[in-house]
Amino acid sequence: MVGVVLEGRKVVNNIQRVASLYLTKTVFSIILAVLFIFIAAPYPFQPIQLSPISSLTVGIPSFFLALRPNVAPIKGRFLKNVLEPALASGVSVVIYAMIILIIGQQFGWTYNETSTITVWMTGMVCYVALYYVSQPFNWKIGLMIATSISLFLALFIFGGKIFALDNLFQWHLAVVYIPLMISAIPLFYGLKRLSRKILKVK
């Protein structure tokens with residue numbers, strides 16, 4: 001019976017982690033879809049650009065997280081634990097997408113430049129969320145995240161034509177996305193605290 005209980009804890013805890021990652025894309029996709037019905041601008045992502053985001057920040061990492069031997073006691077607030085990081089990361093993506101859209105319009109960026117930075121920042125937000133849901137952290141998780149980030153960066157270097165991504169290493173783009181990258185962690189945790197209050201998690 002002890003083994004059954006521990007296996008049940010493992011399943012529930014790992015589903016909780018994985019569900020947060022998958023809901024992130026759902027949250028920002030729904031909000032952006034609604035917003036861009038009323039905004040006279042093209043949608044910030046091209047369809048093919050969502051593939052590396054889905055696979056490298058959600059699909060592959062969730063496979064490894066689902067196998068973790070996590071037998072911590074179940075706290076009984078499954079839905080709220082799932083929604084907190086998902087809302088924080090999803091809303092973060094929306095905020096960055098809108099900031100990048102406004103900056104791009106002000107400085108005359110092309111659509112490809114705007115979508116490139118939006119894809120990059122979406123990845124950064126998703127990796128912050130991935131780090132959060134991967135706790136407790138260990139070297140295996142660190143290696144997985146580092147490898148995933150390296151592959152994500154490689155897409156911008158070697159797969160630009162395939163995924164409609166511009167050169168990321170341009171100064172007029174870097175002066176925008178570097179400050180945004182620095183703000184990704186505090187924004188995520190700030191929105192997470194706000195989500196906790198909204199969901200009334202004690």
Is there a side chain to side chain contact (heavy atoms under 4.5 Å, CB included) between M98 and L35 once you walk through the steps? CA-CA 10 Å; M98 300 310 298; L35 286 175; 4.2 Å; yes
Between L151 and I60, is the side chain to side chain contact (heavy atoms under 4.5 Å, CB included) condition met? List the steps. CA-CA 12 Å; L151 292 173; I60 297 174; 5.7 Å; no
How far apart are the closest heavy atoms of V91 and V27, and which atoms are they? N-CG1, 4.2 Å
Rounded to the nearest 0.5 angstrom, the CD-CH2 distance for Q170 and W109 is 9.5 Å
To the nearest 0.5 Å, atom CD1 of I141 lies from atom CG of L130 at 7.5 Å
In terms of hydrophobic clustering (I, L, V, M, F, W, Y; side-chain heavy atoms under 4.5 Å; direct or indirect links), are L101 and I30 co-clustered? no
Please identify each residue that fulfils ring-ring contact (aromatic ring centres under 6.0 Å, His included) with F188, with sequence neighbours left out. Y132
Between the CZ atom in R196 and the CG atom in L87, the distance rounded to the nearest 0.5 Å is 12.5 Å
Apply side chain to side chain contact (heavy atoms under 4.5 Å, CB included) to Q49 and T122, showing your working. CA-CA 11 Å; Q49 293 171 338; T122 300; over 6 Å; no
In one Ile/Leu/Val/Met/Phe/Trp/Tyr side-chain cluster, 4.5 Å: V93, I102: no
Counting only N and O atoms by type, is there a donor-acceptor contact under 3.5 Å from the side chain of S115 to the main-chain atoms of P44? no
Residue list, salt bridge (Lys or Arg N to Asp or Glu O under 4.0 Å) with K25, at least two apart or on another chain: none
Identify each donor-acceptor pair in which a side-chain atom of residues 142-149 lies under 3.5 Å from a protein atom, sequence neighbours left out, and give them as a table.
| from | atom 1 | to | atom 2 | distance (Å) |
| --- | --- | --- | --- | --- |
| T147 | OG1 | L143 | O | 2.8 |
| S148 | OG | L56 | O | 2.5 |
| S148 | OG | Y127 | OH | 2.7 |

Please say yes or no: joined through hydrophobic side-chain contacts below 4.5 Å, possibly via intermediate residues, are L153 and I117 part of one cluster? yes
Whether the side chain of S62 engages the backbone of V18 through a donor-acceptor N/O pair (distance < 3.5 Å, no angle test) should be reported. no
Residues V128, L187; criterion side chain to side chain contact (heavy atoms under 4.5 Å, CB included); working and verdict: CA-CA 10 Å; V128 173; L187 178 62; over 6 Å; no
Shortest non-hydrogen contact from T114 to I100? O-CG2, 3.6 Å
Once rounded to the nearest 0.5 Å, what's the spacing between atom OH of Y111 and atom OG1 of T118? 8.5 Å
Which pairs of donor and acceptor atoms, one on a side chain in residues 175-183, lie under 3.5 Å apart (sequence neighbours left out)?
| from | atom 1 | to | atom 2 | distance (Å) |
| --- | --- | --- | --- | --- |
| Y177 | OH | L168 | O | 3.0 |
| S183 | OG | Y96 | OH | 2.7 |
| S183 | OG | L180 | O | 2.7 |

Determine, using the 4.5 Å side-chain heavy-atom cutoff (strictly less than), whether W171 and F107 are members of one ILVMFWY cluster. yes
Please list, chain by chain and in numerical order, all residues satisfying ring-ring contact (aromatic ring centres under 6.0 Å, His included) with Y22, sequence neighbours excluded. none
Identify the heavy atoms of S55 and P61 that sit nearest to each other, and give their distance. O-CD, 3.7 Å
Donor-acceptor under 3.5 Å (T57 side chain, S54 main chain): no
Under 4.5 Å side-chain heavy-atom separation, chaining through any Ile, Leu, Val, Met, Phe, Trp or Tyr, what else clusters with I37? Say none if it is isolated. V34, F38
Parallel, tilted or perpendicular: ring planes of F45 versus F28, cut at 30 and 60 degrees: tilted
Value rounded to 0.5 Å, distance of CG in L155 from CD1 in I162: 8.5 Å
